[in-house]
Protein chains: 2
Amino acid sequence: MTKEILKLDNQICFPLYAATREMTKLYRPLLTELNITYPQYLVLLVLWETDRISVKALGEKLYLDSGTLTPMLKRMEENGLIKRTRLKEDERVVEVTLTEQGKQAEAQAEKIPLKFLEQTNLNEEEFIQLKRILMKMLDEA
Amino acid sequence: MTKEILKLDNQICFPLYAATREMTKLYRPLLTELNITYPQYLVLLVLWETDRISVKALGEKLYLDSGTLTPMLKRMEENGLIKRTRLKEDERVVEVTLTEQGKQAEAQAEKIPLKFLEQTNLNEEEFIQLKRILMKMLDEA
DNA sequence: TACTATTAAATTGTACACAATTTAATTATC
DNA sequence: GATAATTAAATTGTGTACAATTTAATAGTA
């Protein structure tokens with residue numbers, strides 16, 4: 001007899017894991033139009049706000065390390081969305097900036113959040129609660 | 001000026017994505033003792049309950065396809081946790097079962113859920129709310 | 001100033017995750 | 001009963017994730 005605590009239905013982290021992947025599935029068709037993935041979309045969200053950012057600072061914002069970011073940013077550079085430049089003042093640092101194409105993608109992306117929301121079955125109250133709890137989880141991370 | 005709707009802080013899916021990865025980071029040291037990953041842990045949770053299951057049914061439970069499961073199950077088989085057997089009655093189907101070692105791992109795993117909970121900063125009410133909302137998201141998937 | 005410590009990216013290697021296709025077996029239909 | 005359609009896994013190829021290590025540059029210190 002399996003302990004109740006080890007049953008799949010009693011896990012909290014499994015729905016978290018599954019819902020995240022279902023969520024990115026909803027985004028995927030919207031992002032394919034821009035020829036980007038979900039993590040790449042997050043990088044663009046940051047750059048549309050900040051214009052330029054180091055790989056390290058970007059990693060702190062997105063909870064990703066250079067092992068993930070370096071190859072991903074190289075792909076985005078190849079696709080003409082961003083530029084990677086080593087800083088003159090400190091050659092250890094690589095700064096990421098948007099290309100013209102990367103800047104223009106923002107206009108195209110404007111409709112994504114609403115299109116995503118249309119596909120979900122959560123109401124506003126649930127979104128607020130969900131976000132509050134997830135942010136609290138991330139607080140200690 | 002970036003539209004408010006495109007700011008990272010205003011996204012709901014980013015905290016979902018980030019919290020999931022932070023959650024698996026908490027699990028990782030607990031699972032390394034058993035020499036398994038988080039998705040492999042989910043497979044074991046299912047098998048501890050059901051004894052035998054087809055790859056297809058497993059995929060439906062975990063929201064994963066054969067492209068992910070086949071290589072993962074092969075690794076688990078190599079590590080001696082499970083066995084993969086083609087059904088005599090229908091040779092298309094591969095059934096997954098636990099080995100002795102896989103069964104015995106359950107005893108070791110019993111302390112994982114509690115150890116995980118100790119590391120989080122959410123209270124019971126928040127866990128209940130979080131789970132309810134995530135399950136609703138998964139309903140439509 | 002040499003030497004050490006620290007820091008930021010990049011690299012290496014392993015493991016998901018998933019779209020798209022292929023393979024092999026079974027079922028449905030004529 | 002032969003053929004077409006469907007089904008279940010496996011395969012192929014691309015893109016994250018992340019631990020661990022390496023490389024190169026800067027900062028700190030005797």
Side-chain angles (χ1 to χ4, degrees), chain A residues 14 17-29 31-32 34-44 53-79 81-82 84-96 141, chain B residues 14 17-29 31-32 34-44 53-79 81-82 84-96 141:
Chain A
F14 169 61
Y17 161 84
T20 297
R21 285 184 301 113
E22 292 307 312
M23 170 280 282
T24 56
K25 264 179 208 153
L26 293 181
Y27 267 102
R28 203 163 293 128
L31 298 175
T32 318
L34 285 168
N35 195 29
I36 56 175
T37 64
Y38 185 72
Q40 292 177 14
Y41 175 61
L42 295 179
V43 170
L44 290 182
I53 190 169
S54 70
V55 171
K56 179 181 166 56
L58 187 58
E60 279 163 2
K61 266 189 192 294
L62 303 182
Y63 301 83
L64 292 170
D65 68 7
S66 68
T68 301
L69 285 173
T70 298
M72 187 171 111
L73 295 171
K74 280 183 181 173
R75 280 188 287 275
M76 294 178 78
E77 189 171 39
E78 276 170 28
N79 293 338
L81 290 167
I82 61 159
R84 297 156 63 248
T85 328
R86 252 177 216 282
L87 275 197
K88 280 272 164 53
E89 311 87 273
D90 186 342
E91 296 262 356
R92 290 173 302 184
V93 177
V94 168
E95 226 176 37
V96 184
Chain B
F14 168 61
Y17 160 83
T20 297
R21 285 184 298 112
E22 292 307 312
M23 170 279 283
T24 55
K25 264 176 208 156
L26 293 182
Y27 268 101
R28 203 162 294 127
L31 298 176
T32 317
L34 284 169
N35 194 28
I36 57 175
T37 64
Y38 185 71
Q40 292 178 14
Y41 174 62
L42 295 178
V43 170
L44 290 182
I53 191 169
S54 70
V55 172
K56 181 181 164 59
L58 187 59
E60 279 163 3
K61 266 190 193 294
L62 302 182
Y63 300 83
L64 292 170
D65 68 8
S66 68
T68 301
L69 285 173
T70 297
M72 188 171 108
L73 295 171
K74 281 183 182 172
R75 279 187 289 272
M76 294 179 77
E77 190 171 36
E78 277 171 27
N79 293 338
L81 290 166
I82 62 159
R84 295 156 65 248
T85 327
R86 252 178 217 280
L87 274 197
K88 279 269 164 54
E89 312 88 272
D90 187 341
E91 295 262 359
R92 288 171 304 182
V93 176
V94 168
E95 227 176 34
V96 184

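It should be emphasised that the depicted structure is a prediction, and the values quoted were computed from it without experimental measurement. Quick note on labels: first sequence line is chain A, next is B, and so on, each numbered from 1.
- When each of dC18(D), dA25(D), dT16(D) is scored by its nearest atom to the side-chain atoms of Glu91(A), the top-ranked nucleotide is dA25(D).
- As a whole-Å value, the separation of Lys25(A) NZ from dA17(C) C1' is 9 Å.
- As judged by a 4.0 angstrom heavy-atom cut-off over every strand, Arg75(A) is placed among the base-contacting residues.
- Residues meeting the ring pair (Phe, Tyr, Trp, His ring centres under 6.0 Å) test with Tyr27(B), sequence neighbours left out: Tyr38(B), Tyr41(B), Phe116(B).
- By the 4.5 Å heavy-atom criterion applied to side chains, Leu34(B) and Leu44(B) are not counted as neighbours.
- Closest approach to the Met72(B) side chain among dC18(D), dC16(C), dG15(D) is made by dC16(C) (side chain taken as heavy atoms from C-beta onward).
- Atom CZ of Arg28(B) is separated from atom P of dT14(C) by 17 Å (rounded to the nearest Å).
- The distance between atom OH of Tyr38(B) and atom P of dC18(D), rounded to the nearest whole Å, is 14 Å.
- The CG-P distance, from Leu26(A) to dA19(C), rounds to 12 Å in whole Å.
- The interatomic distance linking Leu64(A) (CG) with dC16(C) (P) rounds to 19 Å, in whole Å.
- Between Met76(A) atom CE and dT16(D) atom P there is a gap of 9 Å when expressed in whole angstrom units.
- For dT16(D), neither phosphate oxygen OP1 nor OP2 lies less than 4.0 angstrom from any side-chain nitrogen or oxygen of Tyr17(B).
- Among residues two or more places apart in sequence or in another chain, the side chain to side chain contact (heavy atoms under 4.5 Å, CB included) test is passed with Thr20(B) by Leu16(A), Tyr17(A), Thr20(A), Met23(B).
- Partners of Val94(A) under the side chain to side chain contact (heavy atoms under 4.5 Å, CB included) rule, at least two apart in sequence or in another chain, are Val55(A), Arg84(A), Arg86(A).
- Taking atom CD of Glu78(A) as the reference point, atom P of dG15(D) lies 9 Å away to the nearest angstrom.
- A search for side chain to side chain contact (heavy atoms under 4.5 Å, CB included) contacts involving Glu95(B) returns Arg52(B), Leu87(B), not counting sequence neighbours.
- Electrostatic pairing of Glu22(A) and Lys25(A) counts as a salt bridge here, judged by a charged N lying under 4.0 Å from a carboxylate O.
- For residues 60-70 of chain A, the pairs satisfying salt bridge (charged side-chain N to carboxylate O under 4.0 Å, His left out) are Lys56(A)-Glu60(A), with sequence neighbours left out.
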Report summary line: Whether each nucleotide of nucleotides 1-13 of chain D has a protein heavy atom under 4.0 Å at its base (B), only at its sugar-phosphate (S) or at neither (-) is summarised, 5' to 3', as ------BSBBB--
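- Atom pair Tyr27(B):OH and dC18(D):C1' shows a separation of 19 Å (rounding to whole Å applied).
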